[in-house]
Number of protein chains: 2
Amino acid sequence: MSEANFKTENINTWITELNTEAKAAISVDCVIFGYEDNQLKVLLIECNMPPFEGKLSLLGDLVKSNENLDEAAARILKARTGLNNVYLEQVRAFGDPGRHPLGRVISMSYVSLIKIQDYEVLDIDQKRLKWFPVDQVEEMAFDHAKILNVTLNWLQDRIKERPIGFELLPKKFTLIQLQNLYEIILNVKLDKRNFRRKLSSLGVLKDIGESQKDVAHRPAKLYSFAENRSEQKNGLSSLINF
Amino acid sequence: MSEANFKTENINTWITELNTEAKAAISVDCVIFGYEDNQLKVLLIECNMPPFEGKLSLLGDLVKSNENLDEAAARILKARTGLNNVYLEQVRAFGDPGRHPLGRVISMSYVSLIKIQDYEVLDIDQKRLKWFPVDQVEEMAFDHAKILNVTLNWLQDRIKERPIGFELLPKKFTLIQLQNLYEIILNVKLDKRNFRRKLSSLGVLKDIGESQKDVAHRPAKLYSFAENRSEQKNGLSSLINF
DNA sequence: CTTAGATAGTGTAAATATGACAAAAAGTAG
DNA sequence: CTACTTTTTGTCATATTTACACTATCTAAG
C-alpha cells in the first residue's frame, strides 16, 4: 500500500493533508493570441521576478479565493487588454514541482483569441507589455515556453475543427485575410478557390455587401462571421492540401 | 487596477500571496473507463466523506509535493487497477470555489482507457470499488458528475479523431466488437461494410490469423492494433453515418 | 450426414467532396 | 484609355462517402 494513500478517504486524514504538504498556489496563465501584419502574435510581458528578470512571461496571476478558474482568466484578460466577452478557453494544467522558483504553483493555461484592433493598451507597467510574433519569441520565464508551445499546438488542432479563426480578425474581413490567417497559423499553403468553396459550404460567412476602400486595385468584398451551426460535419480539416 | 492584482509581478507580494489566501489543495481525479458486456463503464468508489457518504466518487487523491500531475494520475491508476502503461491523459482542471466541502481543492481530471480484462481487483476498501455503466451512474459526490460528463464528452470527441478505441478492447478483438464499441460510445449506428473499409484504410488493424473459439456460429477473425501512423489524415470522423 | 440456425464477411453503384488548375473582372494610377 | 494590381470565379479528374443484401462459415440438433 505504499503506492497510494488511501487514507485520503478518511476524513481526518483529508483534513490534515489538505492543510499541510498538499497545498499549492494556483495561478492562471493566459496565452493571448492576436493577428496583425500577417503574423500570429502573442501578448507577453517582461518578467521582473528573479531569476527570470528580463525574460518574457505569459500574462498570469494567482487565482483568488472566491474565484473560479474561468473567472480568473477573464479577469486577467480584461485587465491586460480591456476586453470582455472574447474567446477564452482552458487548455490544460501545468503542475511540475519546481516549475516556479518560489514554491509549488499549479497553473492552468487559457487561450484567448482577440481582434487585435479592439485591444486597448492597458500597459500600466510601463511598456513591459508587448505583442510578439509567436515564431520570434526568445527565452521565456518559468515553463512558459512549454505552455506557449502546447497552447499553440492546441490552437492549430482546434482551428482545423472549429470555425474560430474569425476571432482573430476584424469584424469585417476579406476572404484573403482569412486564408492568410489559416496559412500562417497552420503553416501551410492553401488553394484560393478550394478554400472559398469549403468555407461557403460551411455556411458561416456572411457577405455584408461592402468592399474594401482605399486600395489601389480591385477592392475585395467584406464578410462577417455568422454563427450557423449547420454543417460542421467535417470541420475545416480539408481546407488543407499539402 | 482593482480588476487585477499586478503586484504579483513584485516578488515580495508574490511570496506573501503564495503563502496566504491563494493556496489550495491539488488533487487528481481519474475517470477510468472500461468496456464490458457491450457497455462503457467507469470505475467508481463509494464515498465516505461527509456530506457525500454513500454517493459515488471518481478515483482521486491529493498530489504529493514531489510529484507532477501525470505522475499522480499514474499512481492512482496503478493503485486502483494494478495497471501501468495504459492510456492516460489529462482532460482539464476543475477549480470552482466550493467544489469541495473541506476547502479549496483544484482537481485535474485524467481519462484512462483500460482493457477491463487486465484489471486486477485491488479493492482494499472492501467492495466499495465497482464498475458502473456510464449511463447508469446515479448521484455522485462533489462535482464528480460534472467531471464525468465533461470527460465523457471529451472521449467522444477524441475517439472520432484518434484510434484509441482499441485501448478498451482485449489485445485480440473482432471487428464487430470494435464496431459495437464505437456505436456505444458515440451513440450512433454504423454500417458494417463502411466501417470496415474505413478502418482498413487507416492501416491500424493487424490480422493475426486467429479466430474466435467456442461460438455456436461462424467464428470471427481476430485482429490486433498495429500502431501505424501513416494515414491519419481524416481521423475516424467519417466512420459515422446517421 | 443433413439441415437449420446464427453470425461473419464481402462488392458495387450513385452521390458527394476533394484537388489541381487559369482566365476574366474590377478597381486605381498615370 | 492603358497599364497595373488584386479579386473573383468554374471545371474536370479523382477520391471518398454512402446506401444497400447476399453468400460463407461455423455449431448444434436431428
Side-chain angles (χ1 to χ4, degrees), chain A residues 37-38 160-161 163 169-170 172-183 186 188-224 230-242, chain B residues 37-38 160-161 163 169-170 172-183 186 188-224 230-242:
Chain A
D37 303 328
N38 277 359
K160 281 186 270 191
E161 300 297 331
L169 291 177
K172 304 172 178 183
F173 53 84
T174 69
L175 296 181
I176 300 254
Q177 285 178 308
L178 187 59
Q179 181 176 342
N180 285 342
L181 173 75
Y182 275 88
E183 290 181 335
L186 296 174
V188 292
K189 191 89 188 82
L190 303 178
D191 178 88
K192 204 193 320 190
R193 281 172 287 193
N194 295 341
F195 180 82
R196 288 167 186 226
R197 183 182 28 188
K198 181 70 186 177
L199 248 111
S200 62
S201 85
L202 284 177
V204 294
L205 283 179
K206 187 159 66 183
D207 181 339
I208 58 176
E210 297 178 41
S211 292
Q212 280 184 313
K213 304 279 184 217
D214 304 319
V215 287
H217 54 77
R218 175 174 181 177
K221 288 205 278 187
L222 293 171
Y223 291 81
S224 71
S230 52
E231 306 276 338
Q232 236 92 302
K233 220 175 61 175
N234 293 326
L236 304 167
S237 319
S238 48
L239 288 174
I240 299 169
N241 60 336
F242 289 92
Chain B
D37 303 328
N38 277 0
K160 281 187 269 190
E161 301 297 332
L169 291 177
K172 303 172 178 183
F173 53 86
T174 70
L175 296 181
I176 300 252
Q177 284 177 308
L178 187 59
Q179 181 176 341
N180 286 341
L181 173 75
Y182 275 88
E183 289 181 335
L186 296 173
V188 292
K189 192 90 187 80
L190 303 177
D191 178 89
K192 203 194 326 189
R193 280 172 289 192
N194 294 343
F195 180 83
R196 287 165 187 228
R197 173 153 32 89
K198 181 69 185 179
L199 247 111
S200 63
S201 85
L202 283 177
V204 293
L205 283 180
K206 187 159 67 184
D207 181 339
I208 59 175
E210 298 178 39
S211 292
Q212 280 183 314
K213 303 278 184 221
D214 304 318
V215 287
H217 54 78
R218 175 176 179 176
K221 288 205 278 188
L222 293 171
Y223 292 81
S224 71
S230 53
E231 307 276 338
Q232 236 91 303
K233 219 174 62 175
N234 294 326
L236 305 166
S237 320
S238 48
L239 288 175
I240 301 170
N241 60 335
F242 289 93

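Values reported hereafter were calculated over all heavy atoms of this structure, with side chains retained and with hydrogens, waters and symmetry mates removed.
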K.L.:
From B:Leu186 CG over to B:Leu181 CG, what is the distance, rounded to the nearest 0.5 angstrom?
P.N.:
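B:Leu186 CG to B:Leu181 CG: 8.5 Å, rounded to 0.5 Å.
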K.L.:
Between atom CG in B:Asp214 and atom C1' in D:dT27, what is the gap in whole Å?
P.N.:
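B:Asp214 atom CG is separated from D:dT27 atom C1' by 11 Å.
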K.L.:
Mind calculating the distance between CD1 (B:Ile176) and P (C:dA6) to the nearest angstrom?
P.N.:
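So the CD1-P distance, B:Ile176 to C:dA6, works out to 16 Å.
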K.L.:
How long is the line joining CG of B:Asn194 and C1' of C:dG11, in whole Å?
P.N.:
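My rounded result for the distance is 11 Å.
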K.L.:
Could you work out which one of C:dC21, C:dA8, D:dT8 sits closest to the side chain of B:Arg218?
P.N.:
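Ranking C:dC21, C:dA8, D:dT8 by closest atom to the B:Arg218 side chain puts C:dA8 first.
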K.L.:
Can you tell me how far P of D:dC20 sits from CZ of B:Arg193, to the nearest Å?
P.N.:
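So the CZ-P distance, B:Arg193 to D:dC20, works out to 10 Å.
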K.L.:
Using the side-chain heavy atoms of A:Ala220, tell me which of these nucleotides is nearest: C:dA29, C:dG9, D:dT7.
P.N.:
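Of all the options, the side chain of A:Ala220 is nearest to D:dT7.
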K.L.:
For the residue pair B:Phe195 and B:Ile176, establish whether any side-chain heavy-atom pair is separated by less than 4.5 Å.
P.N.:
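Not touching, per the 4.5 Å side-chain cut-off.
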K.L.:
In the structure I gave you, are the side-chain heavy atoms of A:Asn180 and A:Gln177 within less than 4.5 Å of one another anywhere?
P.N.:
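No, every pair of side-chain atoms sits at 4.5 Å or beyond.
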K.L.:
Take atom NZ of B:Lys192 and atom P of C:dT7, then tell me their distance rounded to the nearest Å.
P.N.:
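One finds 10 Å between P of C:dT7 and NZ of B:Lys192, rounded.
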K.L.:
Measuring from B:Leu190:CG to B:Arg196:CZ, what's the distance to the nearest 0.5 Å?
P.N.:
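One finds 12.0 Å between CG of B:Leu190 and CZ of B:Arg196.
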K.L.:
By the definition side chain to side chain contact (heavy atoms under 4.5 Å, CB included), identify the one residue from A:Arg218, A:His217, A:Lys221 that meets it with A:Gln212.
P.N.:
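In the set A:Arg218, A:His217, A:Lys221, the residue that makes a side chain to side chain contact (heavy atoms under 4.5 Å, CB included) with A:Gln212 is A:His217.
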K.L.:
Rounded to whole Å, how long is the line connecting atom CD of A:Gln179 with atom P of D:dT9?
P.N.:
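Rounded to the whole Å, the gap is 14 Å.
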K.L.:
On DNA chain C, compare the nucleotides closest to A:Ala216 and B:Ala216; which residue's is nearer the 5' end?
P.N.:
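It is B:Ala216, whose closest nucleotide lies nearer the 5' terminus.
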K.L.:
If you compare all heavy atoms of B:Thr174 against all heavy atoms of B:Leu222, which two are closest, and at what distance to 0.1 Å?
P.N.:
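Nearest heavy atoms, B:Thr174 then B:Leu222: CG2-CD2, 3.8 Å.
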K.L.:
Check the interface with nucleotides 13-16 of chain C: list each N/O to N/O pair with the protein under 3.5 Å, or write none.
P.N.:
none

K.L.:
Within this structure, what is the NE2-to-C1' distance between B:His217 and D:dA24, rounded to whole angstrom?
P.N.:
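Nearest whole value for this atom pair: 14 Å.
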K.L.:
Check whether any side-chain N or O of A:Lys221 sits under 4.0 Å from OP1 or OP2 of D:dT7, and answer yes or no.
P.N.:
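No, no such contact exists.
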K.L.:
Hey, which of these two, B:Pro219 or A:Arg196, hits DNA chain D nearer its 5' end, going by closest nucleotide?
P.N.:
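It is A:Arg196, whose closest nucleotide lies nearer the 5' terminus.
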K.L.:
Within this structure, what is the CD-to-P distance between A:Gln212 and D:dT7, rounded to whole angstrom?
P.N.:
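Atom CD in A:Gln212 sits about 7 Å away from atom P in D:dT7.
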K.L.:
Do B:Tyr223 and B:Val204 touch side chain to side chain, with heavy atoms closer than 4.5 Å?
P.N.:
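SC-SC contact between B:Tyr223 and B:Val204 ruled out.
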